[in-house]
Each structure stands twice: as C-alpha cells, then as structure tokens.
Student: 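So that we are looking at the same thing, I have put the structure below in structure tokens.
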Amino acid sequence: MTSPSDQQSSNNQVNSEASQAVSQEINRALDSSAANMSAKTSAELAHIRQQALKHLNRETTRAKPALFDSSWFKPFFQLAMPVAAVALVVVSLQPSSDKAIPALPLAMTTSQMPAEDLALLQDLEFVTWLAENEQEISL
Amino acid sequence: MEVFLADIEKKAYHMAAFATGSHADALDLLQDSMIKLVTNYQQRPSQEWKPLFYKILQNRIRDWHRHQKVKNVIFFWKNTNTSDDNQDWPDTLESAGNDKPDDNISKSQQQADALRHLKQLSDKQQQCFMLRSWEGLSVAQTADIMGCSEGSIKTHYFRAVNKLKSLMEADHDISF
C-alpha cells in the first residue's frame, strides 16, 4: 500500500511529464511553423534585417568628433592639462599684493588742481580722500 | 550581428505575430527592435544580445498594445476586432500541408491546432510560454525581459501549460 506522500509525488511526476509533453508538442508546432515560413515572409524578414544592418555600418563608419580622436588624449596632455588647470586656478585665487599699487605722488595736491574741469574735480576729490587717509596712517 | 539577427528573426517574428495578430505590425515591431539593438547595443558582448533583443521586442509589443488601447478608445465607433481579417499568419502550415502525403496532413493539422491553442492564451501567458519553453530562456531572464517578478513568470508559465493541456485534451479527446 502506498503512503499519501508517495502518491502525491507520483502525481506530481505524472503532471510534470504531461506538462513536458504539452510543451514539446507546442514547440514542435512552432518549430515547424518557423521552418516552413513562406518565401514572401522570409524575404520580408531578410529585407528588414538588411535595413537594420545598414544602421550597423552607419554607426561604425561614423566619424568620431575631432576632440576624442586627436592628440588631446595622448598621455602627455592627460597629465599636462590638469596641472595647467590647477595652476591657473591657484594664480587667479592669489590675493593681489599691496606693493603692486604705485605710491601717490605728493606733488598732486589740492592747490595745483584746476577747479573748473569736472573730471579733474573728481580726481581732486579722490586725491583729497587719499591724502586724508595718508595723514591718518602717519598719525 | 548579422548571423545573430538571421538566427533569431523567425522566432522573434512569431512572437510578435502572436502578440499583435497582424503580419504587418509584427514586421514593424521586429524592424524597430532590430534597429534599436544594432544602434544601441552592438558594442555589448554577443551573449547579451539575445536577452537584450527580446527585452526590446517585449517593450515594443507592450507599447503596441497601449497604442491599440488608446486607438480603440478614440475610435470607439469603428470595428476594432481586426484579429480575424489579419490572419495572414502563420501562413505556412496550410501551404506546407498541401503538397504532402496524407499521413503528414494530419500531423500538420495537429500542429495547426497546437498553434490555435497557443493563440487562446492571454498575451502574457503566450509570451512567457514562448520565451521559456520555445526560446529556452531561464526564469530570471524571462522575468527581466517581461518586466515582472520571477514568481509571476512561474505562475504565467504554469497556467499556460495547464490551459494548453486542457485545450489539447478537449480537442483531441486524449489525456496527457
């Protein structure tokens, strides 16, 4: 006498074999259908394949951008360009020295400046302001 | 790439034809999928092409179904049941059976019946069955291609086989 578990496993095996038989039957039908495809359909499939392969040739023969195939990506430039970029950033962020500003000539005093010219008047005000600052520093 | 496309085109055409029920639409979907594979994935290793191609094709089929749904909603007054007048596929079994001896005609008829049974499955069950059983892809690959979980794939496949079994048993009065 068989136990329920044995009976269940044998049922599963039968179901599995039946499923396999069904799958094989359908697969055979599909294989046969694919193998016996009409000449017209086969020609159409070949045509669309060729159309797709034209894109393959187009992609491989497409010219690369000049930036990516020129000497820009040679090893020398791979090192030199980052170094140059870093140097440029460092120089641009460097605070400008006070020594670079020329000293104000003492001869430019308010008495020697012409009063009627507007532009010169503005210069005069500026020089006055500078002179005041100079006095404050000297004190 | 050419060898791969030539090798896969017939099965892919059948999958698209089963999904759309139209020869012309199946060819369109197949061409779009081939062009996309060639354009975007030709640099990938050749062993990746098959799952990639079927994934593209399944996405195209899904898009096609969405478009059909929208089209049916917009043009609701038109007769949208075009599955009967587009039956120019598979056009092979009948023509193949015409010039064969009598004993092969019954075999051809049996195979035609099998395809008819396959067509009675739902879209997902059809595609799942063809990818798993006919194309021999794994559960994981099929799940990735169809964009669902492995559990769903197992369920679709199980239901597809059971339904096919019951249809074949009813049709031929046999039991597997």
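In what follows, chains carry the letters A, B, and so on, assigned in the order in which the sequence lines appear, proteins first and then strands, with residues in each chain numbered from 1. Since the model is a prediction, treat every value here as computed from it, not as a measurement.
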Student: For residues B:Lys10 and A:Ala34, report the shortest heavy-atom separation together with the two atoms involved.
Tutor: CD-O, 3.4 Å
Student: For a 4.5 angstrom cut-off between non-hydrogen side-chain atoms, does B:Gln42 reach A:His55?
Tutor: no
Student: Using 0.5 Å steps for rounding, measure from the CG atom of B:Asp113 to the CD atom of A:Glu25.
Tutor: 9.5 Å
Student: If you measure from CD1 on A:Ile48 to CG on B:Leu30, what distance do you get to the nearest 0.5 Å?
Tutor: 4.0 Å
Student: Evaluate the criterion side chain to side chain contact (heavy atoms under 4.5 Å, CB included) for residue pair B:Tyr157 and A:Ser23; output intermediate values, then yes/no.
Tutor: CA-CA 10 Å; B:Tyr157 185 71; A:Ser23 299; 3.4 Å; yes
Student: What is the minimum heavy-atom distance between A:Ala52 and B:Leu5, and which atoms define it?
Tutor: CB-CD1, 4.5 Å
Student: Which bit of B:Phe129 is near chain A, if near means a heavy-atom gap under 4.5 Å: side chain, backbone, both or neither?
Tutor: side chain
Student: Within the 3.5 Å criterion, strictly below it, is a donor on A:Ser33 or B:His14 matched to an acceptor on the partner's side chain?
Tutor: yes
Student: Should B:Leu118 and A:Leu30 count as side-chain neighbours, where that means a heavy-atom distance under 4.5 Å?
Tutor: yes
Student: To the nearest 0.5 Å, how far apart are CG in B:Asp32 and CD in A:Gln51?
Tutor: 12.0 Å
Student: Looking at B:Arg159, I'd like to know if its CZ atom is crowded, meaning that more than 12 non-hydrogen atoms belonging to other residues, nucleotides or ligands lie closer than 6.0 Å.
Tutor: no
Student: Checking heavy atoms, do the side chain of B:Ala160, its backbone, both or neither come under 4.5 Å from chain A?
Tutor: neither
Student: What's the spacing between B:Glu135 CD and A:Asn27 CG if we round to 0.5 Å?
Tutor: 10.5 Å
Student: Heavy-atom distances under 4.5 Å only: say whether A:Gln24 touches chain B with side chain, backbone, both or neither.
Tutor: neither
Student: Report, as yes or no, whether the 6.0 Å neighbourhood of atom NZ on B:Lys124 holds more than 12 heavy atoms from other residues, nucleotides or ligands.
Tutor: no
Student: Check whether any side-chain heavy atom of B:Met168 lies under 4.5 Å from a side-chain heavy atom of A:Ile26, and answer yes or no.
Tutor: yes
Student: Can you find a side-chain donor-acceptor pair between B:His23 and A:Glu44 that sits under 3.5 Å?
Tutor: yes
